[in-house]
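Being a predicted model, the structure only gives us computed values, none of them experimental. Positions are given from 1 along the sequence.
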Amino acid sequence: MVKIRLARAGRKKHPVFRMVVIDSKKPREGKAIEYLGTYDPILKTGNINVEKAKEWLQKGAQPTERALKILKTFGLEN
């Protein structure tokens, strides 16, 4: 199953997350199918490509709870 989830990046005590489309059996920082953007939870900023996320959702990708919440803050309508 293909999932939209977050992969941790950044430095110690200042995480930055990449939103990725990846097979659910791969590890968290494994090779992704596609990168959708980044999100900084401390500054509450980021650049997520919502159009690409919509395409993957239409193809059947399942977002995690946190990824869906972040996508909604960046303008994804259900």
Next on the checklist: Please report the interatomic distance NZ(K3) to CD1(I33), rounded to the nearest 0.5 Å.
Outcome noted: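 Rounded to the nearest 0.5 Å, the NZ-CD1 separation comes out at 13.0 Å.
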
Item to check | Value rounded to 0.5 Å, distance of CE in M1 from CD1 in I22 | outcome: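 Here the rounded value is 14.0 Å.
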
Check whether any side-chain heavy atom of [X] lies under 4.5 Å from a side-chain heavy atom of [Y], and answer yes or no.
X: V21; Y: I4; answer: yes
X: I48; Y: L76; answer: no
X: D40; Y: H14; answer: yes

If you take all heavy atoms of [X] and [Y], which pair is closest and at what distance?
X: K52; Y: Y35; result: NZ-O, 4.4 Å
X: F17; Y: P41; result: CE1-CG, 3.7 Å
X: K13; Y: I42; result: O-CD1, 4.0 Å
X: R66; Y: L6; result: CG-CD1, 3.6 Å
X: E29; Y: A7; result: OE2-C, 4.3 Å
X: D23; Y: R5; result: O-NH2, 3.9 Å

Checklist entry - If you group Ile, Leu, Val, Met, Phe, Trp and Tyr by side-chain heavy-atom gaps below 4.5 Å, do V20 and W56 land in one group? => result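 Different clusters: V20 never reaches W56 through Ile, Leu, Val, Met, Phe, Trp or Tyr contacts under 4.5 Å.
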
Checklist entry - Going only through I, L, V, M, F, W and Y residues with side-chain contacts under 4.5 Å, is there a path from V16 to M19? => result no

Checklist entry - Just wondering, more than 12 heavy atoms not from K69 lying within 6.0 Å of its NZ? => result no

Checklist entry - Hey, mind stepping through L71 and L36 against side-chain contact (heavy atoms from CB on, under 4.5 Å) and telling me if it holds? => result CA-CA 10 Å; L71 283 170; L36 301 178; 5.6 Å; no

Next on the checklist: Test side-chain contact (heavy atoms from CB on, under 4.5 Å) on R18 and Y39; report intermediate values, then the result.
Outcome noted: CA-CA 6 Å; R18 292 182 185 149; Y39 176 69; over 6 Å; no

